[in-house]
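Worksheet: the structure to be examined is printed underneath.
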Amino acid sequence: MDTDVHRVRLCAVVVAGLLAVAAAPAAALVTLPLNDGAGSPAKLSGAHASEVGTNLLATKQPGEPAHGGGAGGASVWYSWTAPRSGPAQVNTCSKATTFNTLLAVYRSNGAVPPFSNLTRVAGNDDHPGGACSGGRSLVDFDASGGTTYRIAVDGVGGATGAFQLNVGEVSDYAGRTSQGQAVSFSLSDDRKRVTGLKIQLTATCRLTGLAAPTTNTFPLGSPSAFTIRAGEFGRTVERTTLGVYEQKRVRGARDGRRWNGTARYLTDSLGGSCDSDRVGWSARPTPLHGLAG
């Protein structure tokens with residue numbers, strides 16, 4: 001009899017335990033993210049990488065720095081090895097990002113922790129507008145080929161949620177001229193040429209016998225490829241056709257994270273001339289993957 005009672009009581013305890021687990025909220029069953037600690041980052045590879053993650057239940061380790069200028073409190077870590085040297089970017093610019101993120105990129109000269117082995121490369125809290133807004137973060141930096149970078153994703157005030165992390169080399173740039181027209185171009189795969197350059201200019205034309213000048217907006221992008229030397233590119237194109245002299249001139253130079261330059265279009269003929277004067281332009285790296293993810 002005592003044995004039967006014991007068995008009944010044991011079965012009751014097991015059943016009660018199973019019911020308690022089944023009734024528990026899903027969050028109670030979630031464990032710490034595997035990349036919660038700086039010493040065990042999730043590895044990203046390739047020229048471009050994108051991964052959806054979460055910092056739910058993540059912690060902040062003793063001595064861990066403030067990422068992107070904020071205290072945070074729920075960080076997860078990633079690592080990415082740059083395939084080659086050149087401009088690179090890390091961002092959380094995606095519709096999959098559901099909270100106000102903090103972002104930071106580091107180099108390390110040893111095991112982490114201790115966090116004294118980390119050297120900060122770049123950090124950001126809120127990227128100012130554009131395709132990356134709503135509390136999302138973006139950093140641009142110059143990567144050194146073969147170097148492994150550690151990336152921390154945290155939440156402002158310890159905020160948690162889901163996010164999409166985009167990492168990789170920068171190849172596309174966009175901006176505007178001083179006239180307000182659009183500028184866009186890309187770097188070639190070997191990062192030695194500017195390709196697909198598109199610049200819109202507004203030229204003022206004065207024709208013989210007309211009292212008022214006319215204006216014309218047109219693309220200035222030929223030729224399509226410009227070789228980069230010492231961080232600069234430029235070319236002047238001249239053409240004479242049936243008495244019309246035409247000159248297109250484009251210049252650009254890398255200035256920190258962006259490209260700055262000038263453009264000019266000039267044409268002369270017996271009937272008059274068009275001259276846009278010197279037009280400045282500036283272009284910044286476009287966000288990797290944008291908000292499509």
Test side chain to side chain donor-acceptor pair (under 3.5 Å) on Thr202 and Thr217; report intermediate values, then the result. CA-CA 4 Å; Thr202 299; Thr217 300; 3.0 Å; yes
Over 12 non-hydrogen atoms of neighbours within 6.0 angstrom of CZ in Arg278: no
Quick check against the 3.5 Å criterion: does Arg191 have a side-chain atom that pairs as donor or acceptor with the backbone of Pro87? yes
Here the pair of heavy atoms bringing Ser108 nearest to Leu118 is CB-CD2, 3.8 Å
Backbone N/O of Thr81 and side chain of Lys43: donor-acceptor pair under 3.5 Å: no
Which pair of heavy atoms, one from Val170 and one from Pro285, lies closest together, and at what distance? CG1-CB, 3.5 Å
Determine yes or no for a side-chain-to-main-chain donor-acceptor pair under 3.5 angstrom, with Asn117 supplying the side chain and Ala111 the backbone. yes
Centroid-centroid under 6.0 Å between Phe141 and Tyr149 rings: yes
Indicate the atoms forming the closest heavy-atom contact of Ser94 with Gln164, along with that distance. OG-OE1, 3.3 Å
Could you state whether Val156 and Trp77 fall into the same hydrophobic cluster, counting links through intermediate Ile, Leu, Val, Met, Phe, Trp or Tyr residues with side-chain heavy atoms under 4.5 angstrom apart? no
pair Ile151-Leu165: side-chain heavy atoms closer than 4.5 Å: yes
Would you call Ser137 and His127 a side-chain contact if the rule is heavy atoms closer than 4.5 Å? no
Looking at the rings of His48 and Trp80, which for Trp means the six-membered one, are their centres under 6.0 Å apart? no
Cationic N near anionic O, under 4.0 Å, Asp142 to Arg254: yes
Main-chain N/O of Val279 paired to Thr262 side chain as donor or acceptor, under 3.5 Å: no
In Å and rounded to the nearest 0.5 Å, what is the CG to SG distance from Leu266 to Cys274? 9.0 Å
Linked, directly or transitively: Tyr106 and Val121 (ILVMFWY side chains, under 4.5 Å): no
Are Leu44 and Leu138 joined in one hydrophobic group, where the rule is that I, L, V, M, F, W and Y side chains link up if heavy atoms are under 4.5 Å apart? no
Taking all non-hydrogen atoms of both residues, which atom of Val76 and which atom of Ala58 are closest, and how far apart? CG1-CB, 3.9 Å
Rounded at 0.5 Å granularity, tell me how far CZ in Phe163 sits from OG1 in Thr97. 8.0 Å
Taking atom CD of Gln181 and atom CZ of Arg176, what is their separation to the nearest 0.5 Å? 8.0 Å
Can you tell me if Asn55 uses its side chain to pair, donor with acceptor, with the backbone of Gly161 under 3.5 Å? yes
Using side-chain heavy atoms (C-beta onward) and a distance below 4.5 Å, is Asp268 in contact with Val244? no
Going by side chain to side chain donor-acceptor pair (under 3.5 Å), name the residues that satisfy it together with Arg235, two or more places apart in sequence or in a different chain. none
Honestly curious: do Leu56 and Leu102 fall in one hydrophobic cluster under the side-chain, below-4.5 Å linking rule? no
Kindly say whether Ser186 contributes a backbone atom to a donor-acceptor pair with the side chain of Asp172 at under 3.5 angstrom? no
Separation of Asn260 CG from Asp255 CG (nearest 0.5 Å): 5.0 Å
Within the side chain of Ser171, is there an N or O that forms a donor-acceptor pair under 3.5 Å with the backbone of Leu187? no
Roughly how far apart are Asp36 CG and Thr31 OG1, rounded to 0.5 Å? 10.0 Å
Can any side-chain N or O of Asp154 pair as donor or acceptor with the backbone N or O of Ala74 at less than 3.5 Å? yes
Answer yes or no: is there an ion pair linking Lys248 with Glu238, defined by an N-O contact shorter than 4.0 Å? no
For Trp281 versus Trp259, what's the shortest heavy-atom pair and its separation? CZ3-O, 3.7 Å
Taking the six-membered ring where the residue is Trp, are the ring centres of Phe218 and Tyr265 under 6.0 Å apart? yes
Return yes if a side-chain donor-acceptor contact under 3.5 Å exists between Gln247 and Thr267, otherwise no. no
Do the side chains of Tyr173 and Leu220 join up, straight or via other hydrophobic residues, at under 4.5 Å, putting them in one cluster? yes
Whether over 12 other heavy atoms sit under 6.0 Å from Asp189 CG: no
Do side-chain atoms of Gln89 reach the backbone of Leu288 as a donor and acceptor pair under 3.5 angstrom? yes
Check whether any side-chain heavy atom of Thr147 sits under 4.5 Å from a side-chain heavy atom of Arg107, and report yes or no. yes
Do Arg284 and Asp140 meet the salt-bridge criterion of a basic N to acidic O distance under 4.0 Å? no
Is it the case that Ser79 and Thr148 place a side-chain donor and acceptor less than 3.5 Å from each other? no
Any side-chain heavy-atom pair of Arg84 and Glu169 under 4.5 Å: yes
Got Leu32 and Thr59 here, is their nearest side-chain heavy-atom distance under 4.5 Å? yes
Between CG on residue Asn166 and CZ on residue Arg136, distance to nearest 0.5 Å: 11.0 Å
Exercise: identify the closest heavy-atom pair between Pro113 and Gly39: CD-N, 4.4 Å
Tell me whether Ser75 contacts the main-chain N or O of Val153 through its side chain, where contact means a donor paired with an acceptor under 3.5 Å. no
Lys/Arg-Asp/Glu bridge criterion (N-O < 4.0 Å) met for Glu232, Arg251: no
